[in-house]
Amino acid sequence: MSTIRTVAAARSKDSIGQQALLQGWVRTRRDSKGGFSFIELNDGTCLANVQVIAPAELENYETVVKHLSPGSSITVRGTVVASQGKGQDTEVQAQSIELHGGADPETYPLQKKRHTFEKLREWAHLRPRTNTFGAIARVRNCVCRSIHDFFQENGFLYVHTPIITASDCEGAGAMFRVTTLDVDQLVAQREKVDWSRDFFGRPSFLTVSGQLEAEIFACALGKVYTFGPTFRAENSNTPRHLAEFWMIEPEMAFYDLNDNMTLAEDFLKRIFRDVLERCPEDMAFFNQFIDESHTLIDTLQGIIDSEFVRLSYTEAIELLQQSGETFEFPVQWGCDLQTEHERYLTEKKFRRPVIVYDYPAQIKAFYMRLNDDEKTVRAMDVLVPRVGEIIGGSQREERLDVLERRMTQLGLNPEDYWWYLDLRRFGTVPHSGFGLGLERAVQFVTGMANIRDVIPFPRTPGNAEF
RNA sequence: UCCCCUGUAGCUCAGCUGGUAGAGCAAGCGGCUGUUAACCGCUGGGUCGUAGGUUCGAAUCCUACCGGGGGAGCCA
């Protein structure tokens with residue numbers, strides 16, 4: 001018979017009769033003049049607390065136990081017993097309670113009652129101690145594990161692409177500069193900066209995407225994926241954008257766009273399925289307290305059980321034009337789909353994930369493969385209700401001459417991409433890939449409204465306190 | 001970056017067309033109870049985001065700045 005060491009285990013009926021050694025944080029304490037106290041203890045191993053019965057016979061009952069306040073850290077030794085009360089199967093009859101650190105109720109910010117998420121963002125160092133943020137941390141972990149499991153089980157190689165990059169031409173948005181030069185001095189001198197004197201001998205930045213480097217490895221090893229931090233210096237202030245976020249980018253040699261779309265669909269379904277299976281308690285919590293319509297779990301299960309809609313950009317434009325909806329932005333072939341258009345398709349028209357593909361060439365990046373019509377490229381976006389674009393990907397242009405032509409058309413200098421073009425010069429292959437924003441995936445499965453609440457320490461314009 | 005809303009007690013908010021700040025919860029103390037968003041009573045707690053301005057008088061009106069939220073753009 002082993003000692004129970006987690007709240008999760010102590011809550012199980014199977015543990016009744018066993019010794020327990022639990023360490024965690026007090027959520028609340030209720031005293032009974034009948035001569036004992038109830039302590040709700042949480043240790044992060046599950047959403048729920050375990051109820052600890054602290055009898056008056058404990059030698060520190062009057063001095064310590066009766067003053068335990070929310071946030072205090074304790075070690076409890078006792079026995080798991082069947083609960084006499086309603087609301088829980090088990091409870092722990094304490095034989096000793098040791099206080100590690102108290103939390104002055106006058107100054108401890110977290111109270112028993114619910115706080116707004118906006119207020120909790122100001123206490124990013126304490127919010128993991130709340131139900132919601134504990135659940136988010138566990139689900140986020142589950143999603144990450146599921147991502148690795150999916151790729152590892154399907155023969156993908158995990159490759160690490162650089163975080164600092166010297167190519168300022170990845171084409172995915174504004175970049176943060178990385179420098180060791182003395183900025184104050186440079187400003188004082190008011191001279192043109194000589195970047196050859198900087199650390200890398202050239203301008204360098206934080207990566208906005210590992211795609212181009214992932215292509216290098218895909219064009220040697222077949223199927224690879226990256227999973228790392230990504231940085232965008234855009235001044236974006238929305239519930240769906242972060243300046244620092246985590247991105248997953250698979251890249252596959254010999255995959256065309258259809259293979260790519262199938263992979264994206266299988267991938268998302270796998271994540272949703274794992275989360276429902278491995279985090280049932282947390283997901284039930286989100287379904288009840290976060291999702292206003294209480295349909296989160298049904299929605300995810302529905303997605304797992306059905307097929308994503310696939311429609312070409314041209315078909316999407318026709319659907320939007322025939323929809324009878326009045327949009328703020330007019331719908332016309334050649335314009336990028338606006339948020340309102342994407343929402344109509346995925347939330348109103350189909351009510352499930354929609355993959356739009358074959359976008360006009362002029363609104364997409366240079367590396368996407370040109371179709372024979374010369375007007376569209378083999379791009380795809382996966383749109384889901386509420387969060388919008390969750391995945392963006394494409395089949396890559398593998399033909400050297402076409403790629404060079406596209407770059408020139410878009411005003412890029414092919415010489416800057418000499419190594420990227422070498423992949424087409426030597427043993428080129430058709431290949432495809434996509435990018436999934438981790439936080440958007442977590443946002444989608446948890447139902448959380450703001451992306452700043454699904455990453456432990458959100459970086460947004462003007463905000464890096466923690 | 002643009003548009004709209006917002007900032008009052010530890011938290012969530014009320015405070016009308018300007019007259020000098022209030023509730024619930026939390027906290028402290030007391031009571032009661034195998035309790036579980038516990039309950040009942042009492043008590044303490046605020047230069048009303050900041051800086052100017054209008055006025056006899058500003059939480060209230062005006063301006064600027066700062067913070068927060070929603071929408072848009074950029075995207076993942």
Q.
OP1 or OP2 of G70(B) versus the side-chain N and O atoms of Asn450(A): is any pair under 4.0 Å?
A. yes

Q: Please determine if Asp149(A) and Arg145(A) form a salt bridge, counting it only when a charged side-chain N lies under 4.0 Å from a carboxylate O.
A: yes

(Q) Between the base of G10(B) and the side chain of Gln111(A), is one N or O donor paired with an acceptor at under 3.5 angstrom? (A) yes

Q: Determine the interatomic distance between C1' on G7(B) and the same-named atom on U60(B); round to the nearest Å.
A: 14 Å

Q) What integer number of Å spans the C1' atoms of C29(B) and C66(B)? A) 40 Å

Q.
At 4.0 Å (heavy atoms only), tell me whether Asn49(A) reaches a base, stays on the sugar-phosphate, or touches nothing.
A. nothing

Q | salt_bridge(Arg30(A), Glu40(A)) N-O dist < 4.0 Å | A | yes

Q: Round to the nearest Å and state the distance from Asn235(A) atom CG to G71(B) atom C1'.
A: 15 Å

Q: Could you let me know what U36(B) is paired to, Watson-Crick or G-U wobble, both distances under 3.5 Å, or none if it's on its own?
A: none

Q. Are Glu325(A) and Lys348(A) ion-paired here, with the side-chain N under 4.0 Å from a carboxylate O?
A. yes

(Q) When the P atoms of A21(B) and G45(B) are compared, how many Å lie between them, rounded to an integer? (A) 14 Å

Q. Of the nucleotides C74(B), G68(B), C11(B), which one has an atom closest to the side chain of Arg240(A)?
A. C74(B)

Q: Anything under 30° is parallel, anything over 60° is perpendicular, the rest tilted; go ahead and classify Phe36(A) against Phe38(A).
A: perpendicular

Q | Between A72(B) (C1') and His341(A) (NE2): distance, integer Å | A | 12 Å

Q. Roughly, in whole Å, what's the span from CZ in Arg343(A) to P in G73(B)?
A. 11 Å

Q. How far does the P atom of G10(B) sit from the matching atom of C3(B), given to the nearest Å?
A. 34 Å

Q: Please state the P separation for the pair C39(B) and U1(B) - nearest whole angstrom.
A: 46 Å

Q.
What's the closest nucleotide to the side chain of Thr238(A) if the choices are C74(B), G68(B), A76(B)?
A. C74(B)

Q. Heavy-atom distance under 4.5 Å between the side chains of Leu300(A) and Leu276(A), does that happen here?
A. yes

**Q.** Selected nucleotide, minimal atom distance to Arg121(A) side chain, candidates G68(B), C11(B), G69(B)
**A.** G69(B)

Q | Nearest-Å distance for atom pair CG/P, residues Leu126(A) and G10(B) | A | 17 Å

Q. With respect to the side chain of Arg440(A), which nucleotide from C11(B), U1(B), C75(B) is positioned closest?
A. C75(B)

Q) What's the closest nucleotide to the Arg452(A) side chain, out of G69(B), A76(B), C11(B)? A) G69(B)

Pairs under 3.5 angstrom only: tabulate donor-acceptor contacts from the side chains of residues 456-466 of chain A to other protein residues two or more places apart or in another chain.
| residue | atom | partner | partner atom | Å |
| --- | --- | --- | --- | --- |
| Arg459(A) | NH1 | Phe466(A) | O | 2.8 |
| Arg459(A) | NH2 | Phe466(A) | O | 2.5 |

Q: Give none if A72(B) has no partner; otherwise give the nucleotide forming a Watson-Crick or G-U wobble pair with it, both distances under 3.5 Å.
A: U1(B)

Q) OH of Tyr108(A) versus P of C11(B): gap in Å, rounded? A) 15 Å

Q. Are Arg452(A) and Glu439(A) within salt-bridge range, i.e. N to O under 4.0 Å?
A. no

Q) Mind checking the C1' distance from C61(B) to C42(B)? Whole angstroms is fine. A) 41 Å

Q) Closer to the 5' end of RNA chain B via nearest nucleotide, is it Leu242(A) or Arg114(A)? A) Arg114(A)

Q. Between A76(B) atom P and Glu234(A) atom CD, what is the distance in whole Å?
A. 10 Å

**Q.** Pairing of Asp31(A) and Lys66(A) as salt bridge, 4.0 angstrom limit
**A.** no

Q) Pro239(A) side chain: which of A76(B), G70(B), C74(B) is closest? A) G70(B)

Q: Could you tell me whether Glu265(A) and Lys269(A) have a side-chain N and a carboxylate O separated by less than 4.0 Å?
A: yes

(Q) Pairing check on U50(B): which nucleotide meets the Watson-Crick or G-U wobble criteria with it, both distances under 3.5 Å? (A) A64(B)

Q) According to the Watson-Crick and G-U wobble definitions, with both distances under 3.5 Å, which nucleotide is paired to A21(B)? A) none

Q: Could you check whether Ile391(A) gets within reach of a base, just the sugar-phosphate, or nothing at all, counting any heavy atom under 4.0 Å?
A: sugar-phosphate

Q. Which base sits across from G44(B) as a Watson-Crick or G-U pair, both distances under 3.5 Å?
A. none

Q: Quote, to the nearest angstrom, the C1' distance that separates C4(B) from G73(B).
A: 16 Å

(Q) Say we look at G22(B) and A14(B): how far apart would their C1' atoms be, to the nearest angstrom? (A) 7 Å

Q | Nearest-nucleotide pick for Phe329(A), side chain only, options being A72(B), C11(B), G68(B) | A | A72(B)

Q. Looking at Arg310(A) and Asp358(A), does any basic side-chain N land under 4.0 Å from a carboxylate oxygen?
A. no

**Q.** Pair of N/O donor and acceptor under 3.5 Å linking C75(B) base with Ser236(A) side chain
**A.** no

Q: Mark up nucleotides 28-40 of chain B, 5' to 3', with B wherever a protein heavy atom is under 4.0 angstrom from a base atom, S wherever such an atom reaches only the sugar-phosphate, and - elsewhere.
A: S----BBBBBS--

